[in-house]
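Only one structure is covered here, and it is reproduced in the block below.
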Amino acid sequence: MTPSPTCFLWSASSFVSFTKPPNRMIDIKYLRENPDAVRTALAKKKFSCDLDTVLAFDTERRTKITEAEQAKSEQNSANKAMAQLPKGSPEFLEKVKEMKAVAARVKALEAEVRTVEERFQAAFLTIPNLPHTSVPEGKTEDDNQVFSTWGDLETKPAHAVPHWDIPWFDQLIDFERGVKAAGAGFPFYVGDMARLVRALIHLFLESARKNGYEEVLPPIVVNAASATATGQLPDKEGQMYYDPNEGLYLIPTAEVPVTNFYRDEILPAEALPICRCAYTPCFRREAGSWGSHVRGLNRLHQFDKVELVKWTDAESSFDELEKLRVDVEGILQALDLPYRVLLMCGGDIGFPHAKQYDLEVYAHGQGRWLEVSSCSNFTDFQARRAGIRYRGPDGKPVTAHTLNGSGLAIPRVLAAILENNLQADGTVRVPQVLQAFMGQETIGFTK
RNA sequence: GGAGAGAUGGCAGAGUGGUCGAAUGCGGCGGUCUUGAAAACCGUUAGGCCGAAAGGUCUCGAGGGUUCGAAUCCCUCUCUCUCCGCCA
């Protein structure tokens, strides 16, 4: 077997280290040394948090740690001396009496350190990742920049309708029977539609493979530790399906298991960047976000998606983000779907993101842009939490950078295909790239 | 579901109250030797935190307890493995 050139092979046991990293978010040392730079960056994110308090807690904590460690040091050397004394001798007993007080003091100081540490952590964890300098100013989604637009937006099909109004839609994507089997938001894809979904999955995975991403087929449930590492827990617990019997969560995206592949490991620098792709079903409870405006394929509780994940060193992650975006764009181009790329503004990118692009396809029937991918660089924010590091030039561990992007989410791509490729005879033209795989040029029924 | 065993460094595997962050072996790295390599031999080889550094401190699955002192004793939890049953 010959390894592909893009795939760095090694045995899992040859380098890993499973020690626990601190559960921190941004780099406290950076904050300490550059408080003003952090303040400026956070302002761009329209995020208010009290940096002065965090810094004060940090100082308090460090002072207390030093104090406690000094006491501990005294105790340790005294204990070492005691080991030399004959047990039960008068000197020994005298020493024991003496050391009781020291032990009590150590215990008290350790408790204080714990208190101060917790206070600091609680404040520190409220600081989001810092946006990159290239991220535009802005408060809401209205301030996102249109980075680029591709494809034909002018020639709207004369008879274009929202996909749910296509006469045969309910037969090939059966929501009603999905309700019977599972519940709202869990449709059956039937016949040619099921095959079309499979064709899309195949296209997405093959496209990723050609771009150097190694395919993995991950678990679609994860434990709490994994969900915490990628940031779903504790804040977004309500968005995941949960099995309390096993303590397992159904994944909302393949990002969760795939990123956790290297959790608490130190990677060899020469392995980076590592690029992986994974197809999985994704599950989202979307509690409270269900409205009449969400119809058809626009929002589901279960959907299929191919996810792209990268681990990089600290220097190249923003370059890799651009490559990631281009890789995803290539798929939409292959499908000949018009799309635009949004460069998300500081106020609209998520808590752990340093920079984010959203890709939206245009669905002519609804006359709307539909988000089909979000490509993000988390820099070291997620990796610090997940304990993913690599060995730097000096041999010391360095926190890695992680990135991910959908490539792509199936239902909305499918919606755009149905709406944009609807033909006069009532059938939908299968995108050229999928015709060979499907063995047919159209799906659906003629009028 | 029933019964049992175990969790120590990259891996294997010692260690049952103090001199143990931890023997030994393997692997990795550096060196000697060699035309080159192998072998042999010598050295080296965890991570977190505090610190400018020197250094200090913590970590032997996780959490709590006993003790002047815990990898070692006690309690709780988690996970893994083996056998039986069941199932794909």
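In what follows, chains are A, B, ... by sequence order, proteins preceding strands, each numbered from 1.
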> Say you pick atom C1' in B/G4 and the same atom in B/G55; how far apart are they, in whole Å?
Replying inline: 48 Å
>> Using whole Å, what does the distance between atom C1' of nucleotide B/U57 and atom CZ of A/Arg62 come to?
In response: 16 Å
> Counting distance only, does the side-chain N/O of A/Ser73 pair as donor-acceptor with the main-chain N or O of A/Glu69 below 3.5 Å?
Replying inline: no
>> Side-chain N or O of A/Ser73 versus OP1/OP2 of B/U57: is the shortest distance under 4.0 Å?
In response: yes
> For the pair made of CZ in A/Phe120 and P in B/C49, what is the distance, rounded to whole Å?
Replying inline: 11 Å
> Partner of B/A70 by Watson-Crick or G-U wobble geometry, both contacts under 3.5 Å, or none?
Replying inline: none
>> Measure CD1/A/Ile266 against P/B/A46 and give the value in whole Å, please.
In response: 11 Å
> Rounding to the closest angstrom, what is the interatomic distance between B/G9 and B/U59 at atom P?
Replying inline: 15 Å
> Roughly how far apart, to the nearest Å, are B/A23 and B/U8 at atom P?
Replying inline: 16 Å
>> Can you check the distance between B/A7 and B/G15, where both ends of the measurement are the P atom (answer in whole Å)?
In response: 11 Å
> Expressed as a whole number of Å, how far does the C1' atom of B/C77 sit from that of B/C87?
Replying inline: 29 Å
> Starting at the 5' end of RNA chain B, which residue's closest nucleotide do you reach first, A/Ala83 or A/Ile65?
Replying inline: A/Ala83
>> Please name the nucleotide paired to B/U78 by Watson-Crick or G-U wobble geometry with both distances under 3.5 Å, or report none.
In response: B/A7
>> Need the pair for B/A88. Rule: Watson-Crick or G-U wobble, both distances under 3.5 Å, any strand; none if unpaired.
In response: none
>> A/Glu329 vs A/Arg325, test: salt bridge (charged side-chain N to carboxylate O under 4.0 Å, His left out). Steps then yes/no.
In response: CA-CA 6 Å; A/Glu329 286 189 50; A/Arg325 190 201 78 235; 2.8 Å; yes
> How would you label the contact of A/Gln75 with the nucleic acid (heavy atoms, under 4.0 Å): base, sugar-phosphate, or nothing?
Replying inline: sugar-phosphate
>> Strictly by Watson-Crick or wobble contacts shorter than 3.5 Å, is anything paired with B/C83, and which nucleotide is it?
In response: B/G2
>> Strictly below 4.0 Å: does A/Lys72 bring a side-chain N or O up to OP1 or OP2 of B/C58?
In response: yes
> Atom CG of A/Asn76 and atom P of B/A70: how far apart are they, to the nearest Å?
Replying inline: 9 Å
> Looking at A/Asp319 and A/Lys323, does any basic side-chain N land under 4.0 Å from a carboxylate oxygen?
Replying inline: no
>> For the C1' atoms, the ones on B/U45 and on B/A53, what distance do you get once it is rounded to whole angstrom?
In response: 24 Å
> Any side-chain donor-acceptor pair under 3.5 Å between A/Arg389 and A/Tyr262?
Replying inline: no
>> How many whole angstroms separate atom CD of A/Glu112 from atom P of B/U57?
In response: 19 Å
> In whole Å, what is the span from the CD1 atom of A/Ile28 to the P atom of B/C49?
Replying inline: 12 Å
> Should A/Asp358 and A/Ser373 count as side-chain neighbours, where that means a heavy-atom distance under 4.5 Å?
Replying inline: no
> Nearest-Å distance, CG (A/Asp264) to C1' (B/G9)?
Replying inline: 16 Å
> So, is A/Lys100 close to the B/C68 phosphate, meaning a side-chain N or O under 4.0 Å from OP1 or OP2?
Replying inline: yes
> If each of A/Glu246 and A/Ala103 is mapped to the nucleotide of RNA chain B with the nearest heavy atom, which maps nearer the 5' terminus, i.e. the 5' end?
Replying inline: A/Ala103
> Quick one: does A/Lys396 reach the base of B/G47 with a side-chain donor-acceptor pair under 3.5 Å?
Replying inline: no
>> Strictly by Watson-Crick or wobble contacts shorter than 3.5 Å, is anything paired with B/U44, and which nucleotide is it?
In response: B/G28
>> Nearest whole Å is fine: how far is B/U67 P from A/Leu93 CG?
In response: 16 Å
>> Among A/Glu117, A/Glu118, A/Gln121, exactly one meets side chain to side chain donor-acceptor pair (under 3.5 Å) together with A/Arg61. Which residue is that?
In response: A/Glu117
> Considering only the P atoms, how many Å lie between B/C58 and B/A39, rounded to the nearest integer?
Replying inline: 41 Å
> Do other residues, nucleotides or ligands put more than 12 heavy atoms under 6.0 Å from A/Glu322 CD?
Replying inline: yes
> So what does A/Lys107 hit on the nucleic acid, given a heavy-atom distance under 4.0 Å: a base, only sugar-phosphate, or nothing?
Replying inline: sugar-phosphate
> Any idea which of B/G18, B/G47, B/C50 is nearest the A/Met82 side chain?
Replying inline: B/G18
>> Less than 4.0 angstrom between a side-chain N/O of A/Arg32 and OP1 or OP2 of B/G51, yes or no?
In response: yes
>> Applying the Watson-Crick and G-U wobble criteria at under 3.5 Å, what pairs with B/U34? Answer none if nothing qualifies.
In response: none
> Within the pair A/Arg391 and B/G47, is there a side-chain N or O less than 4.0 Å away from OP1 or OP2?
Replying inline: yes
>> Please give the distance between the P atoms of B/U32 and B/A38 as a whole number of Å.
In response: 13 Å
>> Under 4.0 Å from OP1 or OP2 of B/G48: is there any side-chain N or O of A/Arg389 that close?
In response: yes
> In the strands shown, is B/A22 matched to any nucleotide by a Watson-Crick or G-U wobble pair with both distances under 3.5 Å, and which?
Replying inline: none
> For the ring pair A/Phe378 and A/His401, is the centre-to-centre distance below 6.0 Å?
Replying inline: no
